[in-house]
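Everything on this sheet refers to the single structure shown next.
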Amino acid sequence: MLPYALVDLHCDTLTALTAEDAPLLDALRDPARRRKAAASLTDRIQKVDTLNLPGRHFSLSAVPEGVRWCQCCAIFVPDGLSQEEAVTYYDLHQRNFHRQMDALAELAAPCRTAGEVEAAWEQGKAAAILTVENGSALAGSLDRVEVLAQDGVRMVTLTWNGENEIGSGNVTDHGLSPFGKEAIRELERHGILADVSHLNDQSFADFLEVSQKPFVASHSNARSVCGHKRNLTDTQIREMAARGCLIGLNYSQDFLRTGDRPAVLDDLYRHVAHFLELGAERCLALGSDADGTDVLPGLDSPERFAGLYQYLLERGLSPLQADGILWKNAMDFLKRSGN
């Protein structure tokens, strides 16, 4: 049995470079080679439709027939880039996203709102939502928020693992900066969802004091089930549930289980069950982290993503609960979020 639809809040497929391309990213960090590397990378990404390559965790052509799919496609900006480099890297990939949307127009349509997602589905297309992973793409300027909004960005993961102008990720221990607090207000003003995945606990606490609107943890699991600092504490989960937020289940093996054994689907279900126990049933969604991590073997293709529906039913969830996790909670959240 296939679900009516599937919404995935996070994948890295858009910027998942091949081994051939990786040296170009290193060259971007070198001022002496930056211009040439940017030109080479621009030329390269104009030729490769990363959203439709065979053999990846996500590929538009591999979406199962009959499943109305919505994929959030992140521009992942690595830590360690200068402000100029981060802007250059972001610009290259946002242009690449829109180029691919034109090139793959028979398969997908770029979307920002729930209405646009539903319109794409009615046309028999997948919906593609542009997001950013790492607020370093703002380069410390509030004016950049409007630029991202005009580019069609719908969600920004505030940090990656390290520290940027906004705040600190999970491998550091500082909180939000004064700029970060202003940036959150500006993101909310422009209708861009703030994503707290990757924040450390102090930055998360600071965020709660500033945020005025429901927000997202696009790809985070439960820390009580797997103790990695990338996962959410019970207190954080309860607070997100009380605020009507959205949490995407991450398929990464590192965030599903502790110990050396490979993760299996039942490890993912342990997180589902814990979220439900904490009252987060209407907050729970999918956030695969496809093509950005070592996902569990049972969830390494669009067909297997969609197979989660039947698996959840077999584990005892109701069709209403399974629909909620696969698509309905995310669509309801987008509708409430407006614009």
Side-chain angles (χ1 to χ4, degrees), residues 1-11 13 51-52 56-73 101 104-131 154-155 193 214 216-219 241 244-251 265 268-269 271-273 275-276 280-290 295-296 298-338:
M1 179 187 298
L2 291 175
Y4 163 80
L6 188 149
V7 178
D8 182 3
L9 300 178
H10 184 82
C11 79
T13 310
L51 296 175
N52 201 37
R56 295 209 165 183
H57 298 155
F58 174 75
S59 174
L60 285 166
S61 293
V63 171
E65 185 176 355
V67 179
R68 298 186 171 193
W69 198 286
C70 176
Q71 184 65 55
C72 292
C73 302
M101 288 298 97
L104 303 170
E106 293 184 0
L107 296 175
C111 300
R112 284 192 80 253
T113 67
E116 290 173 353
V117 171
E118 290 175 339
W121 288 349
E122 288 301 317
Q123 297 171 31
K125 300 180 180 182
I129 297 178
L130 183 62
T131 70
R154 187 67 172 95
M155 178 168 61
L193 298 169
V216 179
S218 66
H219 53 305
C245 297
L246 194 63
I247 302 169
L249 292 161
N250 192 321
Y251 303 171
L265 274 175
L268 181 70
Y269 184 77
H271 289 270
V272 171
F275 279 112
L276 297 182
E281 179 173 334
R282 295 186 180 180
C283 302
L284 203 51
L286 302 178
S288 69
D289 213 355
V295 302
L296 62 90
L299 289 174
D300 57 2
S301 70
E303 183 178 12
R304 288 178 170 177
F305 290 7
L308 265 176
Y309 185 78
Q310 184 62 34
Y311 169 78
L312 292 174
L313 296 181
E314 291 172 356
R315 287 305 307 255
L317 267 61
S318 70
L320 183 63
Q321 290 173 316
D323 283 338
I325 293 171
L326 261 74
W327 67 275
K328 195 171 188 306
N329 290 340
M331 286 297 289
D332 287 348
F333 180 87
L334 288 176
K335 289 174 182 177
R336 294 195 307 270
S337 299

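Under the side chain to side chain contact (heavy atoms under 4.5 Å, CB included) criterion, Cys283 pairs with Ala241, Ala280, not counting sequence neighbours. Listed by chain and number, the residues in a salt bridge (Lys or Arg N to Asp or Glu O under 4.0 Å) with Arg336 amount to none (sequence neighbours excluded). Residues meeting the side chain to side chain donor-acceptor pair (under 3.5 Å) test with Arg68, sequence neighbours left out: Tyr4, Glu122. With sequence neighbours left out, Lys125 forms a salt bridge (Lys or Arg N to Asp or Glu O under 4.0 Å) with no residue at all. Residues passing the salt bridge (Lys or Arg N to Asp or Glu O under 4.0 Å) test with Asp300 are Arg304, sequence neighbours excluded. Qualifying side chain to side chain contact (heavy atoms under 4.5 Å, CB included) partners for Ala128, counting only residues two or more places apart in sequence or in other chains: Cys73, Phe97, Met101. Listed by chain and number, the residues in a side chain to side chain contact (heavy atoms under 4.5 Å, CB included) with Ala105 amount to none (sequence neighbours excluded). Here His219 pairs with His10, His198 under the ring pair (Phe, Tyr, Trp, His ring centres under 6.0 Å) rule; sequence neighbours left out. The side chain to side chain donor-acceptor pair (under 3.5 Å) check on Glu106 picks up nothing, with sequence neighbours excluded. Residues that satisfy the side chain to side chain donor-acceptor pair (under 3.5 Å) test with Glu118, not counting sequence neighbours, are Lys335. Taking Ser301 as the reference, nothing meets the side chain to side chain donor-acceptor pair (under 3.5 Å) condition, with sequence neighbours excluded. Looking at residues two or more places apart in sequence or on another chain, you find a side chain to side chain contact (heavy atoms under 4.5 Å, CB included) between Gln321 and Leu276, Glu281, Leu317, Ser318.
The two atoms that bring Thr131 and Cys72 nearest to each other are CG2-CB, 3.9 Å, heavy atoms only. For the residue pair Leu60 and Ala126, the shortest heavy atom distance occurs at CD2-CB, 3.8 Å. Nearest approach of Ala306 to Leu326, heavy atoms of both residues: O-CD2, 4.1 Å. Annotation for Leu193 and Pro214: closest pair CD2-O, 4.4 Å, computed over non-hydrogen atoms. Between Ala5 and Trp327 the shortest heavy-atom distance is O-CD1, 3.2 Å. Nearest heavy atoms, Leu334 versus Ile129: CD1-CD1, 4.2 Å.
Asn329 places none of its side-chain heavy atoms less than 4.5 Å from the side chain of Phe333. Looking at Leu286 and Val7, their side chains never come closer than 4.5 Å, going by heavy atoms from C-beta outward. For the pair Val295 and Ser288, the minimum side-chain heavy-atom distance is 4.5 Å or more. Within the 4.5 Å cutoff, the side chain of Leu268 has no heavy atoms near those of the Tyr311 side chain. At a threshold of 4.5 Å between non-hydrogen side-chain atoms, the residues Pro302 and Gln71 do not count as touching. In this structure, the side chains of Ile325 and Phe275 stay at 4.5 Å or more apart for every pair of heavy atoms.
If you look at Phe305 and Tyr251, their ring centroids are closer than 6.0 Å.
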